[in-house]
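One structure is given below, encoded as structure tokens.
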Amino acid sequence: MEPPTLPIRRTLLLLAGLLLAGIAHADRPVLKVLFGVHKPPYIHEPNRSGLDYEIVNQAVQLMGYQLQADFTPPARGVLLFKNADIDALATMRESSGLEGAYSDAYISYQNVATVLAKRGIVLNNIEDLAGYSVAAFQNAKLNLGERYRNAVDKSPSYQEVSPQVIQNKLLYSGRVDVVIGDRLIFRYFNQEAASLVDVKQPIQQFALFPPTEYKVLFRDPAMRDRFNNALRALKARGTYREIEQKYLDNQSSGTAPQ
């Protein structure tokens with residue numbers, strides 16, 4: 001048997017190592033990044049996780065920084081990036097019109113048009129949206145292109161909402177004809193909307209849009225370049241794929257990893 005002092009000594013050494021690692025991490029410079037609000041599986045705000053969040057966080061750590069994340073509705077995020085002391089804004093596209101240094105694409109969302117099957121609505125193309133009331137995610141007009149903007153500008157009723165669980169409530173209650181958003185986010189939020197509306201109503205989804213690739217918008221081009229290098233390293237090491245598997249391969253349950 002080991003002398004009783006050896007396990008104690010090993011425990012103390014382990015704790016000391018963890019403490020030193022924490023101190024080293026705390027000594028890293030801070031990178032302030034704004035994310036959108038709660039939208040699992042991409043952003044799980046209560047426990048600071050999610051596919052979108054974790055990819056950025058892992059890249060920021062490889063850059064030698066510690067992530068300081070804040071969460072805000074997309075429209076407010078644009079204003080804060082313009083006027084506040086923010087280093088970067090996640091989940092952005094050049095079509096936003098914001099000036100800055102855009103990173104390589106780090107994530108893609110699959111936006112679809114969702115309708116209640118009982119309504120018999122058929123959407124063959126983006127232009128068909130002009131004939132229906134539509135609720136979309138915030139900044140959809142900035143991210144889904146000119147054809148989308150032109151179509152929804154002709155809609156009898158158009159709104160962009162946050163948080164996105166509002167879309168589920170609007171659709172299942174019959175208050176809008178169509179909702180526009182990522183298919184995984186919509187499926188996840190069914191569990192949050194189930195106490196207020198009948199989410200078991202059959203739906204139909206139309207793939208009107210190609211996958212939407214998003215980037216991180218930085219103020220500093222040099223910081224953008226470091227992020228791009230870190231992102232490439234994540235993919236080369238297989239870490240990027242591991243994160244994807246964690247959040248996407250088990251989505252049938254509609255729950256977010258803790």
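Positions are given from 1, in the same order as the sequence printed here. This is a predicted model, so every value here is computed, not measured.
- Using a 4.5 Å cut-off on side-chain heavy atoms (C-beta onward), Ile203 and Phe186 make contact.
- Among residues at least two apart or in separate chains, salt bridge (Lys or Arg N to Asp or Glu O under 4.0 Å) pairs with a member in residues 190-215 are Glu94-Lys215.
- Side chains of Phe71 and Arg48 form a contact here, defined as non-hydrogen atoms less than 4.5 Å apart.
- Take Asp153 and apply the salt bridge (charged side-chain N to carboxylate O under 4.0 Å, His left out) test, not counting sequence neighbours, and it matches Lys141.
- For the residue pair Gln245 and Tyr247, no side-chain donor N or O sits within less than 3.5 Å of a side-chain acceptor on the partner.
- Checked against salt bridge (charged side-chain N to carboxylate O under 4.0 Å, His left out), Glu54 has the following partners two or more places apart in sequence or in another chain: Lys246.
- With a 4.5 Å cut-off on side-chain heavy atoms, Pro46 and His38 count as touching.
- Residue Val112 shares its hydrophobic cluster (ILVMFWY side chains chained together at separations under 4.5 Å) with no other residue.
- Side-chain rings of Tyr53 and Tyr42 stay apart, their centers remaining 6.0 Å or farther from each other.
- Applying the side-chain hydrogen bond (donor to acceptor under 3.5 Å, both in side chains) rule to pairs touching residues 73-88 yields Lys32-Asp85, sequence neighbours excluded.
- For the residue pair Asn190/Asn168, the side-chain donor-acceptor check at 3.5 Å is satisfied.
- Taking both residues in full, the closest heavy atoms of Ala193 and Lys169 are given as CB-CG, 4.1 Å, listed atom of the first, atom of the second, then distance.
- A salt bridge links Arg241 to Glu244: one of the charged nitrogens lies within less than 4.0 Å of a carboxylate oxygen.
- Residues forming a side-chain contact (heavy atoms from CB on, under 4.5 Å) with Ser95 (at least two apart in sequence, or on another chain): Arg93, Asn143.
- Residue pairs that meet the salt bridge (Lys or Arg N to Asp or Glu O under 4.0 Å) test with at least one member in residues 216-233, sequence neighbours left out, are Asp104-Arg232.
- Annotation: ring-ring contact (aromatic ring centres under 6.0 Å, His included) contacts involving residues 196-233, sequence neighbours excluded, comprise Tyr109-Tyr214, Tyr148-Phe209, Phe218-Phe227.
- Between Pro73 and Ser162, the shortest heavy-atom contact is CB-OG, 3.9 Å.
- Remark: Gln110 engages no residue in a side chain to side chain donor-acceptor pair (under 3.5 Å) (not counting sequence neighbours).
- Among residues at least two apart or in separate chains, salt bridge (Lys or Arg N to Asp or Glu O under 4.0 Å) pairs with a member in residues 171-180 are Arg119-Asp177.
- Through chains of ILVMFWY side-chain contacts below 4.5 Å, Leu80 is grouped with Leu34, Val78, Phe81, Ile86, Leu89, Met92, Leu98, Tyr102, Leu217.
- With a 4.5 Å cut-off on side-chain heavy atoms, Thr72 and Phe35 do not count as touching.
- With sequence neighbours excluded, the residues forming a salt bridge (charged side-chain N to carboxylate O under 4.0 Å, His left out) with Glu127 are Arg147, listed by chain and number.
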